[in-house]
Amino acid sequence: MAEDNLLNEIAAIVGRARRPVAMTGAGISAESGIPTFRGKDGFWKDEDVTRLATLEGFLADPHKVWEWYDWRRSQIRQTRPNPGHFAIAEHERLVVGRGGSFTTITQNIDGLHAMAGSHSVVELHGNIWYSRCLKACTTELTHLPSTPLPEYPPPCPRCGDILRPHVVWFGESLDPLVIEESLRLAGEADVMLVVGTSSQVYPAAGLPYVTKRAGGMVIEINLEPTELTYSADFSLHGRSGEILPDLLSRAREFAE
Ligand code: BV8
């Protein structure tokens, strides 16, 4: 764990920030028991998940891809937010209560930030509890809260064709409005906390550089160095479920 005076130096910066943003990845949910994308977790039934998480992979075998997503849904269903999620939600309340703004931009599709009480959340890559008609017979989303699903792939309740998970797959563009909002937030942020992401997947991985170019500070929290570490103003190595509660409670001492 970083020594006290470094943590206090960072806490002072975070505590004084009026427009902080948190940008999170799979690592913040790892301590809730949800596997990350890389490393040993990057496979499901010996399938490379980055091949499954593509439109081509889905069209090739909608049943198998839905089986994978529903397995992940069943995993997520058994999890709860961890102290890292709660610390971010608490800090949002503190900053907003002082007249500032705080948004969590997440790459995760598990919904745990909202479950922990975060109100302002931008889900860059969608949400595993929602689906939409593959043929786009409507723009309406279908909420599928229960798991396991009765059948794979689930039918569209409107046209009877098949539903797809409401997530962004590799090779698919993000919702332009979501990109616009996340770029605006990153450009206005005085501090960006980048938590639990390997910083490999774009355009999400580009957001910290937007903050830096606009004069904001980037603080990385990760178990290990990443592609962002060199450019970050500070990099704290350790578990987000331990670092975030400590750092953000110290930040409250410096809040103006
Ligand atoms: C796009 C949702 C424009 C689905 C995800 C070739 C062809 C097509 C596209 C590309 C291409 N080459 C590059 C691209 C762009 C591509 C990309 O960036 N690829 C990478 C791999 C090079 N991006 C895209 O395709 C994006 N769209 O660019 O559109 C376009 C269109 C067509 C053609 C070109 C461009 C869409 C990307 C979105 C993909 N969807 N998820 C689902 O979840 O099923 S991505 C998925 O992986 C996550 O959402 C996340 O974004 C991403 C990375 O995962 P991380 O969150 O970082 O997690 P990871 O496992 O990697 O790392 C965990 C980290 O946590 C580690 O650093 C670890 O140390 C740390 N950690 C672990 N435990 C803890 C911890 N830290 C702290 N505490 C702990 N306890």
Side-chain angles (χ1 to χ4, degrees), residues 1-4 6-15 17 20-42 72 75-76 78-95 102-125 182 185-186 189 191-201 204-205 207-208 211 216-252:
M1 180 76 111
E3 77 277 6
D4 245 23
L6 171 64
L7 270 174
N8 284 332
E9 182 186 352
I10 298 170
I13 292 164
V14 175
V21 162
M23 210 281 273
T24 67
I28 196 167
S29 293
E31 288 173 64
S32 294
I34 299 174
T36 62
F37 269 78
R38 277 152 187 90
K40 63 178 179 23
D41 298 324
R72 290 170 70 189
Q75 284 223 319
I76 293 166
Q78 295 156 42
T79 67
R80 289 289 170 268
N82 65 63
H85 293 107
F86 288 118
I88 285 179
E90 170 63 30
H91 198 68
E92 175 188 350
R93 284 191 289 275
L94 173 91
V95 172
F102 186 113
T103 297
T104 299
I105 301 172
T106 189
Q107 301 172 76
N108 301 336
I109 62 174
D110 54 36
L112 289 186
H113 281 298
M115 195 185 281
S118 288
H119 291 289
S120 179
V121 181
V122 173
E123 293 180 317
L124 293 176
H125 298 153
S182 55
L185 290 163
V191 169
M192 179 180 279
L193 294 167
V194 181
V195 187
T197 178
S198 59
S199 292
Q200 290 177 33
V201 173
L207 293 174
T211 298
M217 296 194 85
V218 169
I219 298 159
E220 180 184 40
I221 296 171
N222 200 305
L223 292 178
E224 61 193 13
T226 70
E227 313 204 359
L228 175 67
T229 303
Y230 178 76
S231 306
D233 294 282
F234 295 98
S235 208
L236 292 168
H237 292 158
R239 296 157 63 107
S240 51
E242 289 167 7
I243 292 177
L244 278 170
D246 180 17
L247 177 67
L248 296 181
S249 66
R250 291 170 189 250
R252 275 198 286 281

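Scope of the values below: all heavy atoms of this structure, side chains included, with no hydrogens, waters or symmetry mates.
- Residues Ala251 and Val14 come closest through the heavy atom pair CB-CG1, 4.0 Å.
- Between the Asp233 side chain and the Val218 main chain, a donor and an acceptor come within less than 3.5 Å of each other.
- With contacts defined as side-chain heavy-atom distances shorter than 4.5 Å, the pair Ser118/Ile88 qualifies.
- Residues forming a side-chain contact (heavy atoms from CB on, under 4.5 Å) with Ser198 (at least two apart in sequence, or on another chain): Arg38, Gln200.
- Of the N and O atoms on the side chains of Glu220 and Thr229, at least one donor lies less than 3.5 Å from an acceptor on the other residue.
- Put simply, the side chain of Thr104 reaches to within 4.5 Å of the side chain of Thr24, judged on heavy atoms.
- Using a distance-only test at 3.5 Å, with no hydrogens or angles considered, no donor-acceptor pair links the side chain of Asn222 to the main chain of Ser235.
- Checked against side-chain contact (heavy atoms from CB on, under 4.5 Å), Ala186 has the following partners two or more places apart in sequence or in another chain: Met192, Leu207, Val210, Thr211.
- Judged as a side-chain contact (heavy atoms from CB on, under 4.5 Å), and not counting sequence neighbours, the contacts of Pro83 are Pro245.
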Open item on the list: Between Leu7 and Leu247, does the side chain to side chain contact (heavy atoms under 4.5 Å, CB included) criterion hold? Intermediate values first, please.
Closed with: CA-CA 7 Å; Leu7 270 174; Leu247 177 67; 4.1 Å; yes

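- Nearest heavy atoms, Arg250 versus Ala11: CB-CB, 3.5 Å.
- Note that OG1 of Thr197 is 12.0 Å distant from CD1 of Ile105, once rounded to the nearest 0.5 Å.
- In this view, Ser29 and Ile34, His85, Asn108, Asp110, Leu112 satisfy the side-chain contact (heavy atoms from CB on, under 4.5 Å) rule, not counting sequence neighbours.
- Residues forming a salt bridge (charged side-chain N to carboxylate O under 4.0 Å, His left out) with Arg239 (at least two apart in sequence, or on another chain): Glu31, Glu242.
- The salt bridge (charged side-chain N to carboxylate O under 4.0 Å, His left out) search around Arg80 returns none, not counting sequence neighbours.
- The shortest heavy-atom contact between Pro208 and Leu228 is CB-CD1, 3.7 Å.
- Considering all non-hydrogen atoms of both residues, Met217 and Phe234 come closest at CE-CE1, 3.9 Å.
- The CG atom of Leu244 lies 10.0 Å from the NE2 atom of His91; values are rounded to the nearest 0.5 Å.
- The shortest distance between side-chain heavy atoms of Gln75 and Thr79 does not fall below 4.5 Å.
- Between Ile28 and His113, the closest side-chain pair of non-hydrogen atoms falls below 4.5 Å.
- Atom CD1 of residue Ile219 and atom CD1 of residue Ile243 lie 11.5 Å apart, to the nearest 0.5 angstrom.
- The minimum heavy-atom distance between Ser120 and Thr103, with the atom names listed, is OG-OG1, 2.7 Å.
- Smallest separation of non-hydrogen atoms from Asn82 and Gly84: OD1-N, 2.8 Å.
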